[in-house]
Every structure is written in C-alpha cells, then in structure tokens.
Amino acid sequence: MKYLFFDIECCDGHHICEFGYVLIDEQFNILERDCLTIDPGHKFKLTGREHESDIQLAFPEEVYYSSPKFDFYYDRIKALLTMKECQIIGFSLSNDTGFLATACELFGKEPIPFTYYDFQKLYQGYTKAKNRTSVEGVVKELEIIGIQLHKSDDDAYAVIRALQIIVEREKLTLPETLEMLKQKNKSYKAERAREFLKNFIHRLKVSEEKKEAIFFGKIVCISSHFQAKRFNEFLAVIKRVYEYGATYTGKVSMCDIFIEYQDGEEEDVRMAIVKKVVENGEKEITILSLAEALKLLGLAE
C-alpha cells in the first residue's frame, strides 16, 4: 500500500495556485514529492477577506502567474488521486476537495472522485482537544522541525511527520496507527455527544402542567437507532418529554416507557434489553412506536 499526502494553496480562498504532494510507502520512505505552482487566473487577495484569516504563500505572485494553469496539471493530479493501492491522507481535506471541484468546473474537467482520511479530525480525536488545530498547531505541539509552513508539499510532509511520531509513540505500523486513530475518533465523537446530551438534559425542567398525559411522572427511554441516526429529532423528543412531565434515561431497565424505532436489519440494542426485561418479568414497560409517541407528544416527524 502507498500513501499520498497532498495540500492545496489558493490565491483568494477559492482558486488554486499551488498543489503539493508527497507519496510514501508503509515504512515512510518517500517515493515521490513535488510542489506544483499554478496560475490561478484570478487576482490574489491574501488580506482583508471578511471573516477569514489572511493567506500566507511560499512564493511571490509572479511565480504563480508565470506557471501553467490548472488544466495543464489536471491529468497528473487525477492520476495521483486515483492511483490504485493508494490511501490518500491530508489536513482539512474537505476544503481542498472543494477547491479541486471549483477548478474542474472552471476548466470544464470531470470531477475527480477519491476517498481520504482527514488527519485534522483524526488528530483531534487522538488528543481529545476541544477545538480543531491547524497544521501550524500540530507542528508546534509535536515539535516538528524542517517545515516551511504554507508551502504545500511541506504542509503535506508535516502530516507525514506527525503520523510517524504517533507510530513511534504507539509502537504500531502505519496501517495499524491509522486504524487506531479512526477508532479514537469514533470514541471521541461519542464522548462529545454524551457530554452534549448530559448538558442538554441538565438544562431541561420537568413540567407540572400536563398531568393528564400518559407520560406524566414516567421515565422514558428512546431507541438507540433513533439517537444515532436522527440526533436532532432525538433531542426534540426528549425536550417534549420533559414538557409532558416525564424524564429521560439511557438506562433501559429504569424506564417506564420505551419509544421504539428500527433502522435497518441490525437489532436495536435498547429494544433487545426491553424485551429481556419484560420477558423476565423484571418490570412492566410500555412500548410505543415512534409514530405513536409523536402523536401523543403532539409532534410531527
């Protein structure tokens, strides 16, 4: 397996003026590296952009203007991004994929489909930082030297060095490290979601107004599928449950009412526990479908 790291710089926050990349193998040997300067065909606007930080570039404007335009490099960039047996990794690549899409549209080229790992998100999950960091932040935190920031191939190489440091620290291979970082990121997202939910519920007050409702004074639990797949609606239902005099719990064995929602073939974990509790005669639990619960709560999907 090969690993391609790339980074894009723009002249104004939209139009590409630099594409840098580094291709390595699993042992971090550099197989290919280059920094392509590109004539953006637009004016440079590096400062004074509303609600955006200033742009810093590695070369003077004349270097970019004297370079070929994006269409000249299109086939080469496409070959890199669609290389077989190659995993693409970058930093905040959702931005860069947008820049590529804009360039392809401007020059009438087919969009380049590819999948990637976003190291910015993986690193945030690994460090459990509250906010996403920048390439500069990673370079500083990990004390990476020899990097010319804002030079696209150097920014790409900074991600390689960061990964190499984590590989050495964790005593894993590169593939194992990427898998570990993916799992850490999932755990991190789950932790943040739990923290958010806890704070959300803490702010809710149980209403005393709707005493005739079947929810009044009851403890409600909701399908784990509904929580995972439709989190915003899940929060809306919890809010309404409190308005109807009930409270919410994630512990199924404590609930009086369970709101069922099935998405896909995989069995809902909480529903399975409800069935077991009821079958064992441990507790009586009223099971409502999502549609039934919404109607009783005065909500529509």
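On a predicted model such as this, the values are computed, not experimentally measured, just so you know. All residue numbers in this chain count up from 1 along the given sequence. Below, each value reflects all heavy atoms present in this structure, side chains not excepted, and no hydrogens, waters or symmetry copies.
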Salt bridge or not between [X] and [Y]? Use side-chain N to carboxylate O under 4.0 Å.
X: Glu279; Y: Lys276; value: no
X: Glu267; Y: Lys275; value: yes
X: Asp34; Y: Arg76; value: yes

Non-neighbouring partners of [X] that pass side chain to side chain donor-acceptor pair (under 3.5 Å), sequence neighbours left out:
X: Gln164; answer: Arg161
X: Glu176; answer: Thr173
X: Lys69; answer: Asp39
X: Lys128; answer: Glu191

**OP:** Could you please spell out the steps behind the side chain to side chain contact (heavy atoms under 4.5 Å, CB included) verdict for Gln87 and Phe5?
**Re:** CA-CA 9 Å; Gln87 177 62 62; Phe5 297 74; over 6 Å; no
For the residue pair [X] and [Y], confirm or rule out a side-chain donor-acceptor distance under 3.5 Å.
X: Thr47; Y: Asp54; value: no
X: Asn95; Y: Ser92; value: yes
X: Glu209; Y: Tyr244; value: no
X: Asn280; Y: Glu282; value: yes

Subject >> Residue pairs involving residues 210-221 (criterion side-chain hydrogen bond (donor to acceptor under 3.5 Å, both in side chains); sequence neighbours excluded) >> reply: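 Listed once each, the pairs would be none.
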Table please: side-chain donor-acceptor pairs of residues 292-301 below 3.5 Å, with sequence neighbours left out.
{"from": "Glu292", "atom 1": "OE1", "to": "Ser289", "atom 2": "N", "distance (Å)": "2.9"}
{"from": "Glu292", "atom 1": "OE1", "to": "Ser289", "atom 2": "OG", "distance (Å)": "3.3"}
{"from": "Glu301", "atom 1": "OE1", "to": "Arg230", "atom 2": "NH1", "distance (Å)": "3.1"}
{"from": "Glu301", "atom 1": "OE1", "to": "Arg230", "atom 2": "NH2", "distance (Å)": "3.0"}

Subject >> ring pair (Phe, Tyr, Trp, His ring centres under 6.0 Å) partner of Tyr248, the single match among Tyr242, Phe258, Phe234 >> reply: Phe234
Subject >> Residue pairs fulfilling salt bridge (Lys or Arg N to Asp or Glu O under 4.0 Å) with at least one residue in residues 247-256, sequence neighbours excluded >> reply: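 Passing the test, one end in residues 247-256: Asp256-Lys283.
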Subject >> Partner of Asp96 by side chain to side chain contact (heavy atoms under 4.5 Å, CB included), out of Ile16, Asp118, Asp7 >> reply: Asp7
Original post:
Who else is in Ile219's hydrophobic cluster (ILVMFWY, side-chain heavy atoms under 4.5 Å, direct or via others)?
Top reply: none
Original post:
Hydrophobic clusters join Ile, Leu, Val, Met, Phe, Trp and Tyr when side-chain heavy atoms are under 4.5 Å apart, directly or via other members; which others share one with Tyr65?
Top reply: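 Phe44, Leu46, Ile55, Leu57, Phe59, Val63, Tyr64, which link up through side-chain heavy atoms under 4.5 Å apart, make up the rest of the cluster.
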**OP:** Among Glu18, Glu9, Gln56, find the residue that satisfies the side-chain hydrogen bond (donor to acceptor under 3.5 Å, both in side chains) test when tested with His150.
**Re:** Gln56
Original post:
Any chance CZ of Phe200 has more than 12 other-residue heavy atoms, nucleotides or ligands included, within less than 6.0 Å?
Top reply: yes
Original post:
Between the side chain of Gln148 and the main-chain N/O of Ser152, is any donor-acceptor distance below 3.5 Å?
Top reply: no
Original post:
Within the side chain of His225, is there an N or O that forms a donor-acceptor pair under 3.5 Å with the backbone of Asp263?
Top reply: yes
Can you list the residues that meet the side-chain contact (heavy atoms from CB on, under 4.5 Å) rule with [X], with sequence neighbours excluded?
X: Asn131; value: none
X: Glu195; value: Arg192, Asn199
X: Leu106; value: His15, His42, Thr102

Subject >> From CA spacing to verdict: side chain to side chain contact (heavy atoms under 4.5 Å, CB included), Asp155, Val159 >> reply: CA-CA 7 Å; Asp155 282 356; Val159 175; over 6 Å; no
**OP:** Mind telling me whether Phe70 and Tyr74 have parallel, tilted or perpendicular rings, with 30° and 60° as the class edges?
**Re:** perpendicular
Original post:
Using 30° and 60° as the class limits, which term best fits the ring planes of Phe119 and Phe91: parallel, tilted or perpendicular?
Top reply: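 Rings of Phe119 and Phe91: tilted, 30 to 60°.
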Original post:
Quick one: CG on Leu23 to SG on Cys86, what's the gap to the nearest 0.5 Å?
Top reply: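 Here the interatomic distance stands at 5.5 Å.
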Original post:
Aromatic ring centroids of Tyr261 and Phe226 under 6.0 Å?
Top reply: yes
Original post:
Given side chains that start at C-beta, do those of Lys2 and Glu85 come closer than 4.5 Å, heavy atoms only?
Top reply: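 Not touching, per the 4.5 Å side-chain cut-off.
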Original post:
Hey, are the side chains of Val167 and Phe28 touching, using non-hydrogen atoms and a 4.5 Å cut-off?
Top reply: yes
Original post:
Cation-pi between Arg33 and Tyr157: NZ/CZ under 6.0 Å from ring centre and within 45° of the ring axis?
Top reply: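 Yes, a cation-pi geometry.
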